[in-house]
Amino acid sequence: QVQLVESGGGLVQAGGSLRLSCAASGRTFSSYAMGWFRQAPGKEREFVAAIRWSGRSTYYTDSVKGRFTISRDNAKNTVYLQMNSLKPEDTAVYYCAADERSPGYSGAYYYGREDEYDYWGRGTQVTVSS
């Protein structure tokens, strides 16, 4: 069983920055693809960013491209989401998710689909004030 714990959320003014972290348990973290999703009040959860096990391939939803950066440190079993130039519309609960794969997997990865992921964290609140 994999446990994911997000941290780093908080209240920030528009234009500010936050870095979210997601710490994972499990010995095979380095083989997981990892994703970040968010859910704003009254809206469905949506894809934000994802990264393959190697860290060499990253994916973003259009609204955060150029502002957010996903990265991972496999030695620390942690994935990060650096969020810059934050906007009020980025306000949401942010969730990390893990897609368990065989080591070295390089096949199809439907990173934007929630059902692609096997494990989810409980989320961390990000609030951006105008």
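The structure displayed is predicted, hence computed values, not measured ones. We count residues from 1, following the sequence as given.
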**Prompt:** Which residue pairs pass the salt bridge (charged side-chain N to carboxylate O under 4.0 Å, His left out) test when at least one of the two sits in residues 28-38, sequence neighbours left out?
**Reply:** R38-E46, R38-D90
**Message:** Quick one, T91 and V126 - any side-chain contact, counting heavy atoms below 4.5 Å?
**Reply:** no
**Non-neighbouring partners of Y60 that pass ring-ring contact (aromatic ring centres under 6.0 Å, His included), sequence neighbours left out** = none
**Request:** With the side chain counted from C-beta on, respond yes when F29 and K76 share a heavy-atom pair under 4.5 Å apart, and no when they do not.
**Result:** no
**Asked** Is there a donor-acceptor pair under 3.5 Å between the side chain of N74 and the backbone N or O of W53?
**Response** yes
**Prompt:** Between the side chains of Y119 and E100, does any donor sit under 3.5 Å from an acceptor?
**Reply:** yes
**Prompt:** Is L20 linked to V12 within one hydrophobic cluster, defined over Ile, Leu, Val, Met, Phe, Trp and Tyr using a side-chain heavy-atom separation of less than 4.5 Å?
**Reply:** yes
Expected list for residues 80-89: side-chain donor-acceptor pairs under 3.5 angstrom, two or more places apart:
unit_1: Q82; atom_1: NE2; unit_2: N84; atom_2: OD1; d: 2.9
unit_1: N84; atom_1: OD1; unit_2: S17; atom_2: OG; d: 2.9

**Request:** Give every residue pair that meets the disulfide bond (SG atoms under 2.5 Å apart) criterion with at least one member in residues 4-70, sequence neighbours excluded.
**Result:** C22-C96
**Request:** Answer yes or no: is there a donor N or O on one side and an acceptor on the other, between the side chain of S31 and the main chain of R101, under 3.5 Å?
**Result:** yes
**Asked** Is there a donor-acceptor pair closer than 3.5 Å between any side-chain N or O of E6 and the backbone N or O of R122?
**Response** yes
**Message:** For A23, is there any backbone N or O sitting under 3.5 Å from a side-chain donor or acceptor partner on T78?
**Reply:** no
**Asked** Same hydrophobic cluster for V79 and L4, using side-chain heavy-atom links shorter than 4.5 Å among ILVMFWY?
**Response** yes
**Complete:** Correct closest heavy-atom pair for S129 and L11 would be CB-CD1, 4.4 Å
**Request:** With sequence neighbours excluded, tell me which residues meet ring-ring contact (aromatic ring centres under 6.0 Å, His included) with Y109.
**Result:** Y59, Y111
**Request:** Using a 4.5 Å cut-off on heavy atoms from C-beta on, say whether the side chain of Y32 contacts that of V2.
**Result:** yes
**Request:** Rounded to the nearest 0.5 Å, what's the gap from CZ on R19 to OG on S71? Could you check?
**Result:** 7.0 Å
**Verify same cluster id: Y95, W36 (apolar side-chain graph, 4.5 Å)** = no
**Message:** I'd like to check the ring-ring contact (aromatic ring centres under 6.0 Å, His included) partners of F37; sequence neighbours left out, ordered by chain and number.
**Reply:** F47, Y117, W120
**R72 side-chain N/O to R52 backbone N/O, donor-acceptor pair under 3.5 Å** = yes
